[in-house]
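A quick write-up on the structure given underneath.
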Amino acid sequence: MTHLEPAFPGWLLVLLPLMTAERLLEVVVARRNTRWARARGTVESGRGHYPVMVALHVAFLAGIVLEIIALPLVYGAWTTALLFTVANAALLSVRLRTENAALRLASAASSSDGQRTVTTPLAPRSVGPGRLP
């Protein structure tokens, strides 16, 4: 065994199930929010692309775990893992603000006929005129 041979980090056995549980909780919340929004007259759009988006997000999450956290840690590069995790959080902060602004703009434009439109399963916040609470 050489000093460069990667070792399997045991903490990954704890982290991945926790991340899976978090995602399952997000799905439960998303479905609850969708029922809540539909009960108040909203109409969901974009449902056809949902399975593709789920697959892309799963692949993206796997890539993030491998590239940003797990791979540097296999070789003991704690500083790299920490710096890239912080940089990713900053990038996601900007991305989420930009995407939410775009959803609000698109919802306002598509709701000019007075009909409320939900653009994503988690979108009660991004509906048109008279935004839902």
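These numbers come from a predicted model, not from an experiment.
Clustering of Ile, Leu, Val, Met, Phe, Trp and Tyr by side-chain heavy atoms under 4.5 Å joins V86 with L82.
Residue pairs satisfying the salt bridge (charged side-chain N to carboxylate O under 4.0 Å, His left out) criterion with at least one member in residues 71-94, sequence neighbours excluded, are absent.
In terms of hydrophobic clustering, with Ile, Leu, Val, Met, Phe, Trp and Tyr side chains grouped at heavy-atom distances under 4.5 Å, F60 and V52 are assigned to different clusters. Linking ILVMFWY residues whenever their side-chain heavy atoms come closer than 4.5 Å, directly or via other members, leaves L24 and V14 in distinct clusters.
Counting heavy atoms from C-beta on, the side chains of L56 and M53 come closer than 4.5 Å.
Side-chain atoms of S93 and R97 form a donor-acceptor pair, as typed in the model, at a separation below 3.5 Å.
In this structure, CG on L105 lies 12.5 Å from CG on N100, to the nearest 0.5 angstrom.
Side-chain atoms of N88 never come within 3.5 Å of backbone atoms of F84 as a donor-acceptor pair (strictly under, hydrogens ignored). R40 places a side-chain N or O within donor-acceptor distance of the main-chain N or O of W36, the cut-off being under 3.5 Å.
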Report task. Give the C-alpha distance, both sets of side-chain angles, the deciding distance and a yes or no for side-chain contact (heavy atoms from CB on, under 4.5 Å) between L16 and M19. Result -> CA-CA 5 Å; L16 291 178; M19 291 173 64; 4.3 Å; yes
